[in-house]
J.: 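Submitted below is the structure of interest, expressed as structure tokens.
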2 protein chains.
Amino acid sequence: MVSNERVGRSLLRQEVSERIKRYILDNRLRPGSPLPTENELCAALGASRSSVREAIKTLDALDIVEVRHGHGTYVGGLSLSALVEGLTFRGLLSPNDDFAVLSELVDVRELFERGNAAAIISALDGPHLDTLDDLASSMGTAVDADRVVADRRFHALLVNPLGNELVSQLTDAFWDVFTAVAPRLGLTPSDQDPVRLHKAIVHAARAGDSLAFADAVVAHYAPIRTRVAAARHAQSIRN
Amino acid sequence: MVSNERVGRSLLRQEVSERIKRYILDNRLRPGSPLPTENELCAALGASRSSVREAIKTLDALDIVEVRHGHGTYVGGLSLSALVEGLTFRGLLSPNDDFAVLSELVDVRELFERGNAAAIISALDGPHLDTLDDLASSMGTAVDADRVVADRRFHALLVNPLGNELVSQLTDAFWDVFTAVAPRLGLTPSDQDPVRLHKAIVHAARAGDSLAFADAVVAHYAPIRTRVAAARHAQSIRN
DNA sequence: CTCAATTTGTTCGTATGTATG
DNA sequence: GCATACATACGAACAAATTGA
């Protein structure tokens, strides 16, 4: 009696997932907008609660929907949390060469700042530069936890003036993955004169010298790169 | 008998998800390695079938595990498929300014090639350059579908010699998102002399001129940028 | 504050579809 | 064709969280 017109090729929960996405798009919902309850979705889509829930969990993992226990289901924030979780796990799994992912991550993080040198410099204004300088200074006096927070904020503010939301979120995401993976692989933070390395970037930006800016960015990542390479080499010897 | 020491803060399926990830890491499994069956996981983790299945669906969405109907559950390929699906959905949802995501995507795609100009040039060898030339040529004669395939392959091969798996996968991912979102927003491909624009990149690489390479990359994305900007402007007028 | 209503979380039992030998 | 092992799907019941009367 149940409408059984779905062909065998596709899985039901995939269909349900697609239809929930289409529901959001067709109704032009925004992040935070409420979705129908699970039971309403069951009735509307002609699927059991289990299938609807599994579909919702898939969308939840991608931050396309967000589920609040006892409250309801809502359109998600569309963040890059799935990228962070996936890359973090990959970084922890990499066989035989755990540090390859870290090494590649440093390359990409450097690219985002070095490759946008000219655009960043022309977009940075005075107050912004002062904030960056303050953050760099705080890396000398603050305790470890605060220093890490300041570092994350520094690199986020560095690319924010570009006005590219995707670049900003990717910058945060890669920073998050790196700081999540590195310690779990036994890699301690470099902390090699962070104040000077960060201030050099700000100084070059203030001078409007994009070549010096790029050099300062490279210099900033150099000690990190060295530490990763050393750990990588030590591991390759062990194997 | 069941360890019920989980405090209220965490959801059971989250715990199950974490423990499955730890199982993979602790046993040093590789992509493709088989995981215990659902029933075995239920017994091992003291959770019901539904909770285990919902946890697995979460990990499946991140390509951390891969489920084959009637076959079993395996460690996933750890691809960036979740990033592609998430960004694609974001591109289709963006309120009032659908083309902002496309515009940002072009920036990032250009950055990956322009910002790595020097490294790409020094890593490219003769045969590689010949392949790129052939791909560029095929964009003139081939039908639409083949032309798209050639374009994807061209940009993939351009960054591949860097030897950075993450860069290669991100390049593919951003290309996939762009080509998935653009047509659904009514944006037709630019196709403005693709042979010349791509050959110019290869030519600059062959000459070992990283400045010319960067310029050629910018020129390549210029018509795409123009089309996106035009569509964006037209939309802002409508609203 | 307590109670009731709503909604998601979790469990269990059963039946079906799929792949392998 | 058959048997086995596995994931898929359904439905009913109860638990836990949140909100508001």
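If you're wondering where the values come from, they're calculated on a predicted model, not measured in any experiment. Below, each value reflects all heavy atoms present in this structure, side chains not excepted, and no hydrogens, waters or symmetry copies. Letters A, B, ... are given to chains in the order of the sequence lines, protein chains preceding strands, and every chain is numbered from 1.
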J.: Of the options dA7(D), dT11(C), dA9(D), whose atoms approach the side-chain atoms of L12(A) most closely?
T.: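 Of the candidates, dA9(D) comes closest.
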J.: Please report the distance, rounded to the nearest Å, between CZ in R53(A) and C1' in dT8(D).
T.: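 These atoms are roughly 16 Å apart.
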J.: In whole angstrom, give the distance that lies between atom CD of E38(A) and atom P of dT18(D).
T.: 15 Å
J.: What is the separation between atom CD on E66(A) and atom C1' on dG9(C), rounded to the nearest whole Å?
T.: 16 Å
J.: Can you tell me the distance, in whole Å, between the CD atom of E54(B) and the P atom of dT8(C)?
T.: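 Between P of dT8(C) and CD of E54(B): 12 Å.
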J.: Given R49(B), which partner from the list E38(B), E40(B), E54(B) fulfils the salt bridge (charged side-chain N to carboxylate O under 4.0 Å, His left out) test?
T.: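 Among the candidates, only E38(B) passes.
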J.: Pick the nucleotide of DNA chain D nearest each of H71(A) and H69(B); which residue has the one closer to the 5' end?
T.: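 Nearer the 5' end of the strand: H69(B).
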J.: Under 4.0 Å: is that the gap between some side-chain N or O of T73(A) and OP1 or OP2 of dT8(C)?
T.: yes
J.: Would you kindly give the CG-to-C1' distance between L41(B) and dA7(D), to the nearest whole Å?
T.: 12 Å
J.: Looking across every strand, which nucleic acid part, if any, lies under 4.0 Å from S51(B) by heavy atom: base, sugar-phosphate, or nothing?
T.: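 Touches sugar-phosphate only.
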J.: Looking across every strand, which nucleic acid part, if any, lies under 4.0 Å from S50(A) by heavy atom: base, sugar-phosphate, or nothing?
T.: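 Base contact - S50(A) has a heavy atom under 4.0 Å of at least one base atom.
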J.: Using 30° and 60° as the class limits, which term best fits the ring planes of Y221(A) and H155(A): parallel, tilted or perpendicular?
T.: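 It falls in the tilted class, 30° to 60°.
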J.: Return the 5'-most residue of the pair R49(B), N39(A) with respect to DNA chain C, ranking by each residue's nearest nucleotide.
T.: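 The residue closer to the strand's 5' end, by nearest nucleotide, is N39(A).
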J.: For L11(A) and dC6(D), give me the distance from atom CG to atom P, rounded to whole Å.
T.: 18 Å
J.: Is the distance from OP1 or OP2 of dG9(C) to the nearest side-chain N or O of K57(A) less than 4.0 Å?
T.: yes
J.: Tell me whether the side-chain N or O atoms of R68(A) pair up with the base of dG9(C) as donor and acceptor below 3.5 Å, since no angle test is needed here.
T.: no
J.: Does atom CZ of R153(B) have more than 12 heavy-atom neighbours from other groups under 6.0 Å away?
T.: no
J.: Would you mind reading off the distance between L45(A) atom CG and dA9(D) atom P, rounded to a whole angstrom?
T.: 13 Å
J.: Nearest to the V67(A) side chain among dG9(C), dT11(C), dT7(C), which nucleotide is it?
T.: dG9(C)
J.: Distance check, rounded to the nearest 0.5 Å: D130(B) atom CG versus L135(B) atom CG?
T.: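 Here the rounded value is 11.0 Å.
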J.: Could you state the atom-to-atom distance from CD1 of I56(A) to C1' of dT7(C) in whole Å?
T.: 11 Å
J.: Using the closest heavy atom to pick a nucleotide of DNA chain C for each, name whichever of G70(B) or Q14(B) lands nearer the 5' end.
T.: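 It is Q14(B), whose closest nucleotide lies nearer the 5' terminus.
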J.: What closest approach, in Å, do L62(A) and A82(B) show between heavy atoms, and which atom pair accounts for it?
T.: CD2-CB, 3.5 Å
